[in-house]
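Taking it in order: structure first as structure tokens, then the write-up.
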Amino acid sequence: MRVSTGEIVAAAAAAGRGAGAFNVITLEHAEAIVAGAERVDRPVILQLSENAVGFHLGRVRPIAAALGEIATAARVPVSLHLDHVADESLLHQTADAGFSSVMFDASTRPYQENVAVTRAAADWAHERGLWLEAELGEVGGKDGAHAPGVRTDPRQAESYVAATGVDALAVAVGSSHAMTTREAALDLDLIAQLRKTVPVPLVLHGSSGVPDEHLRGAIGHGMVKINFGTALNLAYTGAVRDVLAGPNPPVDPRKYLRVARDAVADVVAHLLTVLDKAAG
Ligand code: G3H
Ligand code: ZN
């Protein structure tokens with residue numbers, strides 16, 4: 001069933017659980033994410049990034065419509081979130097494309113500019129009943145901006161949330177986007193400090209590189225929305241590669257996309273159960 005991201009995140013925060021948010025590229029990603037969530041009976045957030053919209057020829061509505069139908073047909077609560085939006089014109093398409101939430105990403109801009117454009121984005125979103133996530137302290141690794149040492153300052157985060165009115169805050173605490181190995185070490189003390197100073201749910205980006213025990217630790221210290229992308233693509237592409245490298249490689253894409261979809265569903269089911277268990 002289709003619900004809003006705000007509902008999923010609020011319920012997870014109240015229960016001390018993580019809310020799993022997974023990036024969609026192809027239709028099979030979305031089908032796999034929902035299949036994995038249904039298998040373990042957990043709510044799930046389907047995310048579409050600005051980069052993925054670019055892959056779909058810059059047209060957000062066709063893929064969003066498909067995601068909306070997948071969410072509506074699901075046996076578990078599913079929400080649609082537009083992720084890492086830096087382009088205001090794409091932000092403004094959120095309202096009538098079926099998303100209940102958006103991450104407006106001004107994290108690479110100077111602080112005062114980040115505050116000003118994010119305040120405007122949050123006001124715009126709230127006038128339309130949308131939930132808005134923003135980021136302070138760039139999470140390294142995206143598009144070559146690899147900066148694993150970046151950290152969000154708890155006092156600056158407190159002022160930022162007060163000044164912008166955002167509903168959730170993505171913070172830099174040691175994870176890095178697009179890691180293909182799970183060896184990121186999170187700064188759990190910093191997460192705990194951020195939890196004390198920031199009155200809205202905290203969001204972990206680059207979660208594919210974080211081992212299970214650190215995910216549990218992050219949730220135990222106050223992280224709520226947990227974003228995964230690369231972990232799914234590792235499973236998806238690995239499965240396709242195996243099928244195509246095997247005997248009698250098929251021509252019909254269904255033969256390898258079916259295997260990819262099953263592999264992604266397995267990863268999602270596992271990660272969603274990890275997010276249940278906070279560790280102190
Ligand atoms: O916003 C999406 C996430 O931060 C995905 O990061 O691909 O490193 O898991 P990841
Ligand atoms: Zn991210």
Side-chain angles (χ1 to χ4, degrees), residues 5 8-9 18-26 29-30 32-33 36 44-55 60 67 79-87 90-91 94 99 101-109 114 118 131-148 150-152 166-186 191 201-212 214-215 218-219 223-238 263-264 266-268 270-272 274-275:
T5 300
I8 290 180
V9 172
F22 296 88
N23 281 89
V24 171
I25 300 176
T26 69
H29 281 81
I33 293 163
V44 76
I45 300 165
L46 294 179
Q47 307 195 134
L48 190 70
S49 72
E50 183 173 296
N51 288 341
V53 173
F55 170 73
V60 68
L67 299 186
S79 75
L80 266 55
H81 175 81
L82 199 56
D83 196 33
H84 282 291
V85 172
D87 174 358
L90 179 59
L91 169 74
T94 317
F99 299 92
S101 60
V102 59
M103 183 230 188
F104 184 67
D105 187 353
S107 63
T108 58
R109 306 199 200 186
N114 183 345
T118 303
W131 184 97
L132 190 117
E133 172 187 335
E135 177 169 325
L136 183 62
E138 188 182 6
V139 177
K142 199 167 176 63
D143 294 333
H146 185 75
V150 172
R151 295 288 185 274
T152 303
V166 297
D167 301 294
L169 186 67
V171 288
V173 294
S175 60
S176 191
H177 280 115
M179 286 181 70
T180 53
T181 54
R182 301 182 78 189
E183 51 197 15
L186 299 184
I191 297 171
L202 298 175
V203 184
L204 183 66
H205 282 247
S207 309
S208 295
V210 182
D212 288 353
H214 270 264
L215 291 172
I219 293 161
M223 280 287 178
V224 182
K225 179 169 175 275
I226 314 289
N227 289 3
F228 300 95
T230 304
L232 310 194
N233 297 334
L234 275 172
Y236 186 121
T237 305
V264 172
D266 290 348
V267 172
V268 170
H270 169 73
L271 289 172
L272 284 173
V274 170
L275 302 189

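Position 1 is the first residue of the sequence; numbering continues from there. Atoms within a ligand are numbered from 1 in the order they appear, just like the ligands themselves.
Atoms of ligand 1 found under 4.0 Å from any heavy atom of His84, numbered from 1 in the order shown, are 1 (O).
When only modelled atom types and interatomic distance are considered, Asn114 and Thr118 share a side-chain donor-acceptor pair under 3.5 Å.
Taken to the nearest 0.5 Å, the OG1 atom of Thr94 stands 11.0 Å off from the CG atom of Leu80.
Using cut-offs of 30° and 60° for the angle between ring planes, the Phe228 and Phe22 rings count as parallel.
Here the angle at the Zn ion (ligand 2) defined by NE2 in His177 and NE2 in His84 stands at 100°, rounded to 10 degrees.
At least one N/O-N/O distance between Gly229 and ligand 1 falls below 3.5 Å. Polar contact check, Ala231 against ligand 1: no nitrogen or oxygen pair lies under 3.5 Å apart.
Here the two rings, on His29 and Tyr236, have centers that are under 6.0 Å apart.
Taking each of Ser176, Ala178, Ala184, Ser207 in turn, the one with a heavy atom nearest to atom 8 (O) of ligand 1 proves to be Ala178.
Contacts between Asn233 and ligand 1 below 4.0 angstrom, taking non-hydrogen atoms only, are absent altogether. Counting heavy atoms closer than 4.0 Å to ligand 1, residue Ser208 contributes atoms from both its backbone and its side chain. With a heavy-atom cut-off of 4.0 Å, Asp83 touches ligand 1 through its side chain alone.
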